[in-house]
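Scroll down for the structure; my scribbles are underneath it.
Here the structure is a predicted model, which means the values were calculated and not measured. The chains referred to below are lettered A, B, ... by the order of the sequence lines, with proteins before strands, and numbering in each begins at 1.
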There are 2 protein chains.
Amino acid sequence: MGNDIIHSIRDFNRFYTAILGVVNHHILESEYSLTEARVIYELHSAAALTARELKEMLQIDEGYLSRIITKFVKNGILRKKQVKSDKRAYLLELTAKGNKVFEAIDQQSDVQVAHLIEHLGKAEQKKLVELVTQVKALLTRE
Amino acid sequence: MGNDIIHSIRDFNRFYTAILGVVNHHILESEYSLTEARVIYELHSAAALTARELKEMLQIDEGYLSRIITKFVKNGILRKKQVKSDKRAYLLELTAKGNKVFEAIDQQSDVQVAHLIEHLGKAEQKKLVELVTQVKALLTRE
DNA sequence: AAATAATACTTGCTTAAGTCAAGTATTTTT
DNA sequence: AAAAATACTTGACTTAAGCAAGTATTATTT
């Protein structure tokens with residue numbers, strides 16, 4: 001297979017790994033891990049999820065997730081509601097405080113990305129969006 | 001600032017985080033960590049480096065790096081040569097065995113990226129390279 | 001209906017990654 | 001010659017994460 005192509009992609013992967021490192025730095029410096037932030041993010045997007053669903057979505061160890069959930073409940077950012085029709089399962093939702101935590105992380109993420117593209121003019125920024133949208137489209141198998 | 005733009009970039013970041021996870025999975029399952037693989041990679045590219053230079057390039061803790069180096073020397077994949085003009089510093093080079101380790105990781109990385117783009121035709125693959133090259137160019141401040 | 005298997009989550013144990021700070025040897029600056 | 005800076009090492013610690021066994025509940029089989 002075309003090694004030039006593969007090597008170009010790999011070069012980009014290394015480059016973008018560094019970019020993501022910079023952009024995610026604020027999360028790693030917050031009191032939440034990247035995985036915890038993803039949990040918060042998912043819980044904010046989907047109204048209510050069970051641990052099992054979260055585990056599937058994020059592809060993380062269920063023991064680890066269980067501990068994250070316990071910690072979040074203790075912190076008061078997450079609420080568990082036992083499912084009536086299945087007492088083993090719990091629907092998870094962010095509390096008001098949890099939503100605030102989400103907002104804070106989310107806003108900071110915006111700021112980081114804003115920094116990333118602040119040196120570009122509006123047209124270039126739009127071009128960038130077009131480019132990454134096409135990249136995503138190409139790399140998404142239907 | 002244009003929030004649509006920022007949100008599009010962030011969406012791509014999430015997408016590409018998952019891509020990188022898949023592509024790097026084989027390293028995490030090898031006997032080396034991602035950081036160790038990066039060390040091996042850098043030492044392969046640049047003929048000889050000091051720990052300090054490596055630390056700067058990879059932006060990692062020097063204590064952690066020191067331990068990685070010790071481990072690599074013990075494993076026989078890395079050689080330290082004390083710098084004559086500065087006895088505190090050591091030039092680091094991969095041994096023949098180290099180069100083989102690099103080759104193995106490198107080849108596997110090629111395979112992973114090949115999988116990533118195997119569903120695309122040649123023209124689409126070239127298009128993809130063009131796209132990511134442009135993305136990198138835009139995100140690289142001069 | 002009772003036994004068996006599967007599911008949803010929890011808990012204990014362990015490892016490995018990574019950080020921080022203090023320590024040693026050497027080199028540079030004052 | 002003393003003080004400061006540099007290159008690296010070491011000890012002590014934290015935390016992310018994985019694995020496996022355990023508990024309670026629900027679904028399936030016989």
Side-chain angles (χ1 to χ4, degrees), chain A residues 17-18 20-22 24-43 46 48-75 78-93 105, chain B residues 17-18 20-21 24-43 46 48-75 78-93:
Chain A
T17 297
L20 290 173
V22 171
N24 288 330
H25 195 247
H26 74 283
I27 297 177
L28 296 168
E29 281 199 324
S30 78
E31 59 179 315
Y32 301 98
S33 74
L34 228 65
T35 305
E36 289 173 337
R38 290 173 72 206
V39 169
I40 293 170
Y41 182 88
E42 292 298 339
L43 286 175
L49 296 169
T50 65
R52 175 127 253 269
E53 288 167 328
L54 258 176
K55 180 204 148 177
E56 296 298 332
M57 296 170 81
L58 301 177
Q59 294 287 14
I60 56 179
D61 179 75
E62 60 185 331
Y64 180 39
L65 178 56
S66 175
R67 271 179 249 266
I68 289 176
I69 290 167
T70 302
K71 176 184 162 189
F72 281 3
V73 170
K74 210 167 283 171
N75 285 0
L78 182 62
R79 187 173 32 237
K80 287 168 70 170
K81 276 204 254 177
Q82 198 169 37
V83 177
K84 276 178 197 142
S85 57
D86 185 347
K87 287 173 193 162
R88 295 169 304 178
Y90 301 85
L91 281 174
L92 309 170
E93 308 183 285
I105 295 175
Chain B
T17 297
L20 290 172
N24 288 329
H25 194 247
H26 73 285
I27 298 177
L28 296 168
E29 281 198 327
S30 78
E31 60 178 315
Y32 301 97
S33 74
L34 228 66
T35 304
E36 289 173 338
R38 291 173 73 205
V39 168
I40 293 171
Y41 182 87
E42 292 297 340
L43 287 174
L49 295 169
T50 65
R52 174 126 255 269
E53 288 168 328
L54 259 177
K55 179 202 147 176
E56 296 297 333
M57 296 170 82
L58 301 177
Q59 295 285 16
I60 57 179
D61 179 76
E62 60 184 332
Y64 180 38
L65 178 56
S66 175
R67 270 179 250 266
I68 290 176
I69 290 167
T70 302
K71 175 184 163 190
F72 281 2
V73 170
K74 210 167 283 172
N75 285 1
L78 183 62
R79 188 171 33 236
K80 288 168 69 170
K81 278 204 254 178
Q82 197 168 38
V83 177
K84 277 179 196 142
S85 58
D86 186 345
K87 289 174 192 161
R88 294 168 305 178
Y90 300 84
L91 281 174
L92 309 170
E93 306 183 286

* Asked: Can you tell if the side chain of B:L49 reaches within under 4.5 Å of the side chain of B:M57, non-hydrogen atoms only?
  -> yes
* Structure fact -> B:K55 atom NZ is separated from C:dG18 atom P, nearest whole Å, by 16 Å
* Asked: Rounding to a whole Å, what distance do you find between A:L34:CG and C:dG18:P?
  -> 13 Å
* Structure fact -> Rounded to 10°, the angle between the first-five-pair and last-five-pair axes of the helix from C:dA1-D:dT30 to C:dT30-D:dA1 is 10°
* Please name all residues satisfying side-chain hydrogen bond (donor to acceptor under 3.5 Å, both in side chains) with B:N24, sequence neighbours left out, ordered by chain then number. => none
* To do: Not counting sequence neighbours, which residues clear side-chain hydrogen bond (donor to acceptor under 3.5 Å, both in side chains) with B:D61? List them please.
  => none
* **Sequence-distant partners of B:S30, side-chain contact (heavy atoms from CB on, under 4.5 Å), two or more places apart** => B:I27, B:Y32
* Structure fact -> By side-chain contact (heavy atoms from CB on, under 4.5 Å), B:E31 pairs with (sequence neighbours left out) none
* Asked: Taking side chain as C-beta onward, heavy atoms only, is A:L58 less than 4.5 Å from A:V39?
  -> yes
* **Pairing residues for B:E56 by the side-chain hydrogen bond (donor to acceptor under 3.5 Å, both in side chains) criterion, not counting sequence neighbours** => B:R52
Give each protein N/O atom lying under 3.5 Å from an N/O atom of nucleotides 7-10 of chain D, with the pair distance.
{"residue": "D:dA7", "atom": "OP2", "partner": "B:R52", "partner atom": "NE", "Å": "3.0"}
{"residue": "D:dC8", "atom": "OP1", "partner": "B:Y90", "partner atom": "N", "Å": "3.1"}
{"residue": "D:dC8", "atom": "OP2", "partner": "B:R52", "partner atom": "N", "Å": "2.7"}
{"residue": "D:dT9", "atom": "OP1", "partner": "B:K80", "partner atom": "NZ", "Å": "2.5"}
{"residue": "D:dT9", "atom": "OP2", "partner": "B:S66", "partner atom": "OG", "Å": "2.8"}
{"residue": "D:dT9", "atom": "O5'", "partner": "B:S66", "partner atom": "OG", "Å": "3.4"}

* To do: Would you jot down, in residue-number order, the residues of residues 26-33 of chain B having a non-hydrogen atom under 4.0 Å from DNA chain D?
  => none
* Check the distance between C:dT27's C1' and B:K84's NZ and give it to me in whole angstrom. => 18 Å
* Asked: With A:K81, which residues qualify under salt bridge (charged side-chain N to carboxylate O under 4.0 Å, His left out), at least two apart?
  -> A:E93
* Asked: Can you name the residues that form a side-chain hydrogen bond (donor to acceptor under 3.5 Å, both in side chains) with B:H26, not counting sequence neighbours?
  -> B:S109
Sequence neighbours excluded and cut-off under 3.5 Å, please list the side-chain donor-acceptor pairs for residues 64-73 of chain B, or say none.
{"residue": "B:T70", "atom": "OG1", "partner": "B:S66", "partner atom": "O", "Å": "2.9"}
{"residue": "B:K71", "atom": "NZ", "partner": "B:E36", "partner atom": "OE1", "Å": "3.3"}
{"residue": "B:K71", "atom": "NZ", "partner": "B:E36", "partner atom": "OE2", "Å": "2.8"}

* Asked: Which residue, A:V83 or A:I68, contacts DNA chain D at a nucleotide closer to its 5' end, judged by nearest heavy atom?
  -> A:I68
* Atom-pair distance (CZ on A:R38; P on D:dA16), nearest Å -> 14 Å
* **Length of the CD-C1' vector between A:E36 and D:dT15, whole Å** => 10 Å
* Would you please name every residue forming a side-chain contact (heavy atoms from CB on, under 4.5 Å) with B:Q82, sequence neighbours left out? => B:K87, B:Y90
* Structure fact -> note: A:I60, atom CD1; D:dG18, atom C1'; distance rounded to Å ~ 12 Å
